[in-house]
Amino acid sequence: MDFNDTPAEAEFRAAARTFLEANATLTSGAPQRDETETEQIERAKAWQQLKQDNGWACLNWPTEYGGRGATPIELIIWNQEESRYDVPTGPFAIGLGMCGPTMIAYASEDQKREHLPRMAAGQDIWCQLFSEPAAGSDLAGLRTRAERDGDDWVINGQKIWTSGAQFSDWGILVTRTDPSVAKHKGLTFFFLNMHSPGIEVRPIKQISGGANFNEVYFTDVRIPDTQRLGEVGQGWGVSLTTLMNERLAVGNAGGADFPDLFELASKTDLDGEPAINNAAVREKLADWYCQASGLKFTNYRTISALSRGTTPGPENSITKIVSAVKMQDLGSFGLDLMDMGGILNDATLDPANLIFQQNFMGAPGYRIAGGTDEILRNIIAERVLGMPQDIRVDKNVPFSEVPTGNS
Amino acid sequence: MDFNDTPAEAEFRAAARTFLEANATLTSGAPQRDETETEQIERAKAWQQLKQDNGWACLNWPTEYGGRGATPIELIIWNQEESRYDVPTGPFAIGLGMCGPTMIAYASEDQKREHLPRMAAGQDIWCQLFSEPAAGSDLAGLRTRAERDGDDWVINGQKIWTSGAQFSDWGILVTRTDPSVAKHKGLTFFFLNMHSPGIEVRPIKQISGGANFNEVYFTDVRIPDTQRLGEVGQGWGVSLTTLMNERLAVGNAGGADFPDLFELASKTDLDGEPAINNAAVREKLADWYCQASGLKFTNYRTISALSRGTTPGPENSITKIVSAVKMQDLGSFGLDLMDMGGILNDATLDPANLIFQQNFMGAPGYRIAGGTDEILRNIIAERVLGMPQDIRVDKNVPFSEVPTGNS
Amino acid sequence: MNFEFSEEQDLLREQAQSFLNQHSPLDAVRAVLEGDQAYDAKLYAGMAELGWTATTIPEQYGGIGLGHLELCVIAEELGRSLAPTPFSSCIYLVSEALQLFGSDAQKQRYLPGLASGETIGAFALAEGPQPATAANLTSRVEGDALTGTKVPVADGDCANFAIVLAADADGGSLYLVDLDGPGVQRTTVETLDPTRSHASIEFSAAPAERLGEAGAGWLQTDRIFDRAAVLFAFEQVGGAHAALDMAKEYALGRFAFGRPIASFQAIKHKLADMYIAATLARSNCYYGAWALSTDAAELPVAAATARVSASQAFHECAKENIQTHGGMGFTWEFNCHLYYRRAKLLSVNLGSLPRWKNRLITNIETSNALSA
Amino acid sequence: MNFEFSEEQDLLREQAQSFLNQHSPLDAVRAVLEGDQAYDAKLYAGMAELGWTATTIPEQYGGIGLGHLELCVIAEELGRSLAPTPFSSCIYLVSEALQLFGSDAQKQRYLPGLASGETIGAFALAEGPQPATAANLTSRVEGDALTGTKVPVADGDCANFAIVLAADADGGSLYLVDLDGPGVQRTTVETLDPTRSHASIEFSAAPAERLGEAGAGWLQTDRIFDRAAVLFAFEQVGGAHAALDMAKEYALGRFAFGRPIASFQAIKHKLADMYIAATLARSNCYYGAWALSTDAAELPVAAATARVSASQAFHECAKENIQTHGGMGFTWEFNCHLYYRRAKLLSVNLGSLPRWKNRLITNIETSNALSA
C-alpha cells in the first residue's frame with residue numbers, strides 16, 4: 001500500500017509536467033484575471049488547440065479522432081497535473097466529457113471524423129440539452145417534441161440547465177418523438193448545430209448571483225435525420241451513455257473546505273482566544289476533516305483500481321452528496337464564526353469571508369445539480385446496495401397519460 | 001398567556017391532592033421496592049379499587065360504567081398529580097386507555113355494564129392483541145384467522161408485542177375473517193377471555209434485558225359471536241378507534257434527560273475541569289435543552305386547548321419521535337462523558353451511569369414501539385401537512401394475493 | 001393552563017396577515033432586494049399608521065402601551081412576510097433599550113418618533129467579522145466624543161440616530177449618537193440579505209450622550225438582547241412556517257415519475273422534519289413571550305431557548321425548502337432564497353447560534369445557582 | 001497509486017473470513033454473551049494456530065514478522081464477526097507496547113507467549129467512569145509496588161499480565177504486572193458488551209516492573225493508542241459493514257404494504273447513509289493502515305481520523321440496523337444488539353469519540369507546526 005506511481009505512470013507524469021511547465025503558469029503564481037467571457041473562451045480555445053497540437057488533448061479518445069488512446073489512469077494523471085495550472089478548461093468540460101463519448105459510441109464514421117477532431121482541437125464547443133422545466137430528477141419525463149418532416153426532424157420545446165449554451169457551436173439533444181408509448185420508449189437522440197435558426201438561449205440567474213446555466217428554446221428548429229444518434233425510440237439508451245460519463249465527471253463540490261475553516265478559526269477571536277481553541281469548534285472541524293479525508297482517500301482507491309487496470313468499485317458515488325452538504329454546512333459555520341459580521345459580502349472589508357458566503361449561496365445548487373441528494377441516495381441504494389426501485393406508476397402507461405400536476 | 005389553572009381547575013386539583021396526600025406517598029419519599037410482578041399487580045389492583053371507591057378512576061368515562069364523566073382537562077390534571085406519587089398504574093394503562101374506550105364505543109349495553117365497572121375498579125386487567133410478526137408497521141396485514149363455527153368463532157394464529165398478556169383477564173383482538181377481499185376489508189374485531197383454552201403466552205426478552213412484551217399463540221381458541229365488536233369485515237374501523245386512543249397515550253419516551261446529563265457533566269472531569277465547562281458539551285446540552293423545552297411547551301399548548309374546551313392541534317404528534325431520538329443520543333453521549341468507564345453497568349461501581357445505559361439500550365425500542373420513526377414521519381406528513389399517501393400496491397388486491405416475501 | 005395567545009391577539013394576527021399580504025407581498029421584498037431603497041418606506045408608514053411601531057411604547061411617550069405579547073404576534077407576521085423595514089432595529093432593540101435605560105429626557109426625545117415611525121433608530125455593536133467583546137472593541141468615547149467604526153449596522157444607512165456600544169474610561173457603555181450630526185460618515189454595505197439594509201458607520205469625534213449607567217454597556221446589551229431575541233425568534237418562526245408552507249405547496253403541485261413529489265417518502269419525511277423543528281421553535285417562542293411579557297426571572301433562559309430553537313428551525317426550513325424545489329429552488333427568480341438569506345441574517349444578527357447555545361447553558365447555570 | 005490491499009492480503013482476508021464464518025458464527029458470540037466464559041478459548045487457539053497472534057511479532061520473539069497491513073486485514077474480519085477473544089488487548093495494545101518500549105528481556109519474556117496465544121495480556125488505564133488524566137490517576141507505584149484499582153480492564157479477568165499506567169515519583173509511567181502474582185485481586189464486572197470480558201483489578205502493593213522510560217507513561221500511551229486506534233478502526237469498519245449487510249438482507253426479505261421494505265425511500269436512504277458512513281470510514285482506515293505500516297509522521301493524524309470516522313460509522317450502522325429491523329430489532333433473540341453493544345464499547349475503549357475529535361485537531365495543529 002503506497003501512493004507512488006508505477007514506473008510507466010511516473011514517466012507519463014514527468015512528460016505531462018514538462019509540457020505544462022513549458023506552456024502554462026502554476027495557479028499559485030498566476031495573475032488575477034479580469035476578462036470577459038469572450039476573452040476567456042478565446043484563451044480556452046487557444047489552450048485546447050495547443051494541447052491537441054502536442055498530443056495532450058482528449059487523452060482517452062482514439063488517435064484517429066484527435067485523442068491519444070491513453071489509459072484511464074493516464075487521463076487521471078494528466079488531470080491531476082493540469083489542475084495545478086492556471087489554464088481555462090471549463091468551456092470544454094461538457095463537450096469533451098459527455099458529448100464526445102456519446103458521438104464516439106453512436107455517430108457514423110464520417111461524422112466522427114468530421115466533428116471529433118474539431119472538438120478535440122478546441123475549434124467547436126459542444127453542450128448537452130437534456131433537462132427540462134418539468135423533467136429534472138425525472139429526466140425521461142421530457143416533453144420537447146421532434147416531429148418527422150421529410151428528411152428532417154422539427155424540434156419544438158424548451159431545455160433548461162444547459163451550461164455553455166450561449167457559446168456552444170454544437171449540442172446533443174434528447175427529444176420525445178412518440179408520446180403514445182411508455183415514457184422511456186418514445187425518446188430519440190440527435191446532435192445539432194447550435195447556430196440553427198429557431199434556437200434562443202436565455203441565461204438563468206442563480207441565487208448566488210452567477211449565471212452558469214441557460215434556458216434554450218426551440219421553435220421549429222430543423223435537424224437532418226442524418227444527425228440522429230441511435231434508432232428512433234431508442235433515445236433513452238443513448239442518454240444513459242451520456243449520463244454514465246456525467247456520473248464519472250461529477251465530483252467534489254469544492255468551495256471553502258477544512259483548511260479554509262481551520263485558518264479562519266485560527267485567526268478569529270472567540271471569547272478572548274482564537275476560535276480554534278473552542279471545543280465545539282474543534283468538534284465540527286474534526287467532523288469535516290474526517291469527511292474531506294474520507295473523500296480524498298476514497299478517490300485514491302478509485303484511482304488505484306484504474307492504476308491496476310481493474311474496474312473501480314462504486315465508492316466514488318458518495319462524493320457529490322457528501323461534499324455538497326459539507327460545502328453548505330461548513331460555509332454556514334464559517335459565517336457563524338464571523339458572528340454579526342458573517343453577513344458582510346463586501347470584499348473591501350474582508351475578502352476572507354467571501355469564500356464562506358460563496359459556499360453558503362452556492363451549495364444549494366450543488367445539492368441539486370447533476371442529481372439531487374435524494375436521487376443520489378436512490379442511486380446508491382439501488383445500484384450499489386442492490387435495493388429495488390420505488391413503485392413506478394408511470395412505467396407501463398403511454399407518456400401522454402402520465403399525470404403531470406401543475407408543472 | 002399564563003400557566004395558571006382556572007378557578008374550577010384549581011378546585012379540582014386541590015381535591016385530587018387531598019385524596020392523594022391522604023392515600024399515597026410522594027415518589028421522592030417512597031421506599032426502594034423489591035417486589036415480584038404478582039405483588040406489584042396486587043398493589044396496582046388495590047390502588048385502582050381505592051381510586052374507584054373514591055371517584056378517581058377512569059375520570060373521563062361515564063359514571064354508569066364506573067367513571068366520573070370528567071372533562072379532558074380534569075383527566076390531565078389528575079394524571080399530573082397522580083404521577084408525582086409512588087403508585088403503580090402501569091398494569092392498567094392499556095386496559096383503561098385503549099380497551100375501555102373501544103368497549104364503550106362498540107360493546108352492547110349489557111357488556112358495558114358487565115365489564116367496564118370491573119375494569120375501572122381494577123378487578124380485571126385487559127390487554128390489546130393487534131400486532132403480529134408479519135404485521136408491524138403494516139398492522140392491517142395481520143393474518144390471525146377467525147373462522148365462524150356455529151355461534152362461535154375459532155381463532156388460530158399469533159400476536160406479538162402484547163404488554164401485560166401474562167397477567168390479563170381479558171383482551172381485545174383483531175383478526176382476519178376473509179382473506180379473499182382487500183386487506184382492510186377482511187378484518188373482524190372481538191374481545192375475549194384471556195383464560196380461554198388454547199391461549200399460550202410467551203415473554204419476549206428485549207435487548208435491554210427486560211421482558212415488557214409477549215408473544216400470544218392462539219390454537220383453536222373459541223370466542224362467542226356475541227363478543228364481536230362491530231360488524232364482520234369492519235374490524236379495521238374498530239381498530240382505528242383503539243389506535244386513536246393509543247396515539248393520545250404515546251408520549252414522551254422519558255429516561256435520562258437534560259437535568260441528568262447536566263448533573264453528570266457538572267461532576268465529571270474532562271481535561272482537568274468539569275465537563276460542563278467544555279464548549280462542545282455545552283452545545284450538545286443546549287440542543288437537548290431546547291428539544292426538551294420545546295416538547296414541554298408543546299404539551300402545554302395542547303393542555304391549554306383542552307382547558308379552553310377546544311380541540312388541540314396536531315402539535316403533540318411530534319413528541320414520541322423527538323423524545324425517543326433524544327433519549328438515544330443523550331444516553332450515548334452520557335456514556336461518552338464517562339469515557340472508558342461508560343460501559344460499566346455494575347451498579348455497585350457507579351449507579352449514576354446506569355440511567356444513561358438504560359437510555360442507550362432502551363431507546364432503540366422506543367424508536368420502534370407504537371409507530372417507528374419512519375411511520376410517525378409518514379403520519380405527520382399525511383395527517384398534519386396533508387401530503388398524499390405513498391403508492392399502495394396492496395390496496396385493491398385480495399389479501400391472499402398480496403406479496404409477502406420471507407416473513 | 002392558558003399557554004396560548006388570546007382571541008384578541010389572534011384577531012390582531014389576522015389583521016396583520018391581511019395588511020402584510022396586501023402591502024408586503026414577496027414582490028415588494030424583491031423590490032428592495034433588487035433596488036436601491038434601504039427599505040419599503042410606504043410599507044413602514046402603513047405599519048406605523050396601524051400603531052405597530054407604538055405597540056409597547058407607553059402612552060406618555062406617544063405609544064399605545066400594549067404588552068409584548070401583541071408585539072410577538074406582529075413579529076411573527078413580519079417574519080412570515082419578510083417585510084423589508086427597519087421595524088426590528090427601531091422597536092425590538094432601540095425602543096427596548098430606551099425604555100430600559102433611558103432618562104426621562106431621552107425617552108421624551110426619541111420614543112415619540114419611534115412610535116410614530118417618523119424616526120429610525122439603529123443599534124450598533126459589531127465591528128467586522130468576529131464576535132465583539134470588551135477585549136476587542138475599538139470604538140471609543142473620550143469625553144463626549146465617539147471615534148471608531150461600526151459594521152455591519154442594521155438600518156444604519158437610513159437611521160436618524162443610533163445606540164452605540166463603545167469602550168470608554170468605565171470599560172464600556174451605551175451611547176446615543178445623532179447620525180445626521182457631525183463626525184458621522186456612513187456607507188451602505190453589501191450583505192448576504194439585501195432585503196435588509198446595513199451600513200458601515202465611521203465616527204470621528206461624533207457627539208455621544210451616555211444611555212444609562214457608566215460602564216454597564218455590556219450588561220445592558222445582554223438585557224436588551226434577551227428581549228430582542230424573543231421578538232426576533234417570533235420573526236424566525238414566522239419565516240420557518242412560511243418556508244415550510246412554500247415547500248409543501250410546491251411538493252403537492254410538482255409531479256415526477258407520474259406522481260406528486262409530495263408522495264415520495266424522501267420529501268414527506270423532509271417536510272415532517274421541518275414541521276418538527278418549526279413546532280419545537282414555536283413552543284419555545286411562546287415560553288419566551290410569556291417570560292418577556294411578565295418580566296419573569298426565567299427570561300434569560302427562555303430567550304436563549306427561543307433564539308437557539310428558532311434559528312435552527314428557520315435555517316433548516318429555508319434550506320430544505322430550496323432542496324424541495326429542486327432546480328427551480330436555486331434560481332434568482334424563485335423566492336426560496338429570500339428565506340434562506342433572511343434565516344442566516346437573523347441567526348447571526350444578535351450573535352451567532354453557537355454563541356447563543358453557550359449563553360443558554362450559562363443562563364441555566366446562573367438560574368440554577370440563583371434557585372439553589 | 002497503489003492505495004489498496006495486495007492480492008496476498010486479499011487472500012489472507014478470504015482465509016480469515018472462511019475460518020471465522022466456521023469458528024466464530026454469531027452463535028458463538030452469543031454463547032459468550034449469555035455464558036460464563038470470559039472468551040471463546042477454542043476460537044482463540046484456532047486463531048493462534050493460524051498465526052494471527054504472531055503476525056507482527058518479530059521472528060526472534062516467536063512471531064512471523066509480517067507487516068501491520070496483514071494485521072489490519074485480520075482486524076477487519078474480527079470486527080465483522082464480533083469474535084469474542086482477547087486478541088485486541090494482546091495484539092493491538094500489549095504486543096505493540098512491548099515492541100515499542102520493552103527491553104530485550106521484557107520482549108523475550110512476554111512476546112513469545114502472546115505470539116503463540118498461550119499468554120494473555122491486558123492494558124489497564126481507566127479508573128472508573130471518567131477520562132483518566134495525570135491529575136486524577138490514583139493508582140500509584142512506590143518503589144516497585146503498585147497500589148490502586150483499575151476498572152474496566154478489557155480481558156483483565158483472563159489475562160496473565162497487564163501493562164498498567166500508574167502515577168509515580170516521575171509523574172506517571174507504564175508498568176508490567178503479573179496478574180497471577182501477589183497483591184492482585186480481580187473481579188469480573190458487568191458491562192454494556194458482555195461478549196468481551198472486563199474486570200476490576202485491585203492492586204495492593206503488587207510487584208511492578210517499569211516498561212520504558214520513567215515518567216513517559218502518558219506519552220507512551222498516546223503512541224500505543226495511535227497504533228491501536230488504527231487496528232480497532234478496522235474492527236469498527238468490519239462491524240459497520242456487517243451491520244449494513246444485515247440491514248440490507250432484512251430489508252430485502254421483509255415485506256410491508258405488499259412490497260419489500262427495501263423499496264421504501266425511508267429505508268433506502270437510511271441504508272445509503274449507512275453505506276456513506278462506512279465507505280468514508282473504510283477509506284480513512286486505509287490511510288491509517290498506510291501510516292501505521294510505514295511508521296509515517298502522519299500516523300497521529302491518520303489514526304485519529306480513522307478512529308473518529310470508524311466510531312461514527314459503526315455506531316450509525318449498528319443503531320440503524322436495529323431500526324431497519326423494526327420490532328424484531330430490539331429483541332434479545334435477534335443479533336442486531338450484538339453490533340450495537342460492540343460499537344459503543346469500541347467507541348469508548350481508547351477514550352471517547354469527543355475526546356478523539358479534539359485529539360485529531362490537536363494532532364493536525366502539531367503536524368502543521370512541524371511542517372511550518
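Here the structure is a predicted model, which is why all the values come from computation and not from measurement.
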Colleague: With distance as the sole test, does D:Asn21 use its side chain to make a donor-acceptor pair with the main-chain N or O of D:Gln17 at under 3.5 Å?
Modeller: yes
Colleague: Under the salt bridge (Lys or Arg N to Asp or Glu O under 4.0 Å) test against A:Asp138, which residue among A:Lys395, A:Lys183, A:Arg392 passes?
Modeller: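 In the set A:Lys395, A:Lys183, A:Arg392, the residue that makes a salt bridge (Lys or Arg N to Asp or Glu O under 4.0 Å) with A:Asp138 is A:Lys183.
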Colleague: Tell me, for A:Glu283 versus chain D, whether the close heavy atoms (under 4.5 Å) come from the side chain, the backbone, both or neither.
Modeller: both
Colleague: Any Lys/Arg nitrogen of A:Glu9 or A:Arg13 sitting under 4.0 Å from an Asp/Glu carboxylate oxygen of the other?
Modeller: no
Colleague: Tell me, for D:Pro354 versus chain A, whether the close heavy atoms (under 4.5 Å) come from the side chain, the backbone, both or neither.
Modeller: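 For D:Pro354, backbone and side chain are both near chain A.
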Colleague: Taking heavy atoms only and a threshold strictly under 4.5 Å, list by residue number the residues of residues 275-294 of chain D that touch chain A; give 'none' if the list is empty.
Modeller: D:Tyr275, D:Ile276, D:Thr279, D:Leu280, D:Arg282, D:Ser283, D:Asn284, D:Tyr286, D:Tyr287, D:Ala289, D:Trp290
Colleague: Could you give the distance from CZ (D:Phe264) to CD1 (D:Ile267), rounded to the nearest 0.5 Å?
Modeller: 9.0 Å
Colleague: Just to verify, what does D:Ala343 make a side chain to side chain contact (heavy atoms under 4.5 Å, CB included) with, not counting sequence neighbours?
Modeller: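 For D:Ala343 the side chain to side chain contact (heavy atoms under 4.5 Å, CB included) partners, ignoring immediate neighbours, are D:Phe314, D:Ala318.
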Colleague: Which bit of D:Gln9 is near chain A, if near means a heavy-atom gap under 4.5 Å: side chain, backbone, both or neither?
Modeller: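 Interface part for D:Gln9: neither.
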Colleague: For A:Ala256, is there any backbone N or O sitting under 3.5 Å from a side-chain donor or acceptor partner on A:Asn359?
Modeller: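 At least one qualifying donor-acceptor pair exists.
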Colleague: Measuring heavy-atom distances to chain D, does A:Asn4 have an atom under 4.5 Å in its side chain, in its backbone, in both, or in neither?
Modeller: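 Backbone only.
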Colleague: Charged N to carboxylate O under 4.0 angstrom, D:Asp222 versus D:Arg227?
Modeller: no
Colleague: Taking heavy atoms only and a threshold strictly under 4.5 Å, list by residue number the residues of residues 322-330 of chain A that touch chain D; give 'none' if the list is empty.
Modeller: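 Residues of residues 322-330 of chain A touching chain D at under 4.5 Å: A:Val322.
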Colleague: Select, from D:Arg259, D:Lys248, D:Gln265, the one with the greatest count of heavy-atom pairs under 4.5 Å involving chain A.
Modeller: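 The candidate making the most pairs under 4.5 Å is D:Arg259.
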Colleague: Kindly indicate whether the side chain of D:Val237, heavy atoms from C-beta on, has any atom under 4.5 Å from the side chain of D:Arg80.
Modeller: no
Colleague: Output yes when a side-chain donor or acceptor of A:Thr268 lies under 3.5 Å from a complementary backbone atom of A:Ala265, and no otherwise.
Modeller: no
Colleague: Salt-bridged, D:Arg13 to D:Glu70, with N to O below 4.0 Å?
Modeller: no
Colleague: Which bit of A:Ile73 comes within less than 4.5 Å of chain D, counting heavy atoms only: side chain, backbone, both or neither?
Modeller: neither
Colleague: Picking from D:Thr305, D:Asp245, D:Val301, which has the most non-hydrogen pairs under 4.5 angstrom with chain A?
Modeller: D:Thr305
Colleague: When you measure from the side chain of D:Ser352 to the backbone of D:Val348, do you find a donor-acceptor pair of N or O atoms at a distance under 3.5 Å?
Modeller: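 Checking the backbone N and O of D:Val348 against the side chain of D:Ser352, no donor-acceptor pair under 3.5 Å is found.
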Colleague: Would a line drawn from the ring center of D:Trp356 to the ring center of D:Phe232 be shorter than 6.0 Å?
Modeller: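 When the ring centroids of D:Trp356 and D:Phe232 are compared, they turn out to be at least 6.0 Å apart.
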Colleague: What parts of residues 294-307 of chain A touch chain D if we use heavy atoms and a cut-off under 4.5 Å?
Modeller: A:Gly294, A:Leu295, A:Phe297, A:Thr298, A:Tyr300, A:Arg301, A:Ile303, A:Ser304, A:Ser307
Colleague: Given a strict heavy-atom distance threshold of 4.5 Å, which part of A:Pro259 is in contact with chain D: side chain, backbone, both, or neither?
Modeller: neither
Colleague: Please flag which part of D:Lys268 lies under 4.5 Å from any non-hydrogen atom of chain A: side chain, backbone, both or neither.
Modeller: both
Colleague: Look at D:Asp226 together with D:Arg359 and state whether they make a salt bridge at an N to O cut-off of under 4.0 Å.
Modeller: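 Looking at D:Asp226 and D:Arg359, the cut-off is met.
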Colleague: Contact part of D:Leu271 toward chain A, heavy-atom cut-off under 4.5 Å: side chain, backbone, both or neither?
Modeller: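 Contact with chain A is through both the backbone and side chain of D:Leu271.
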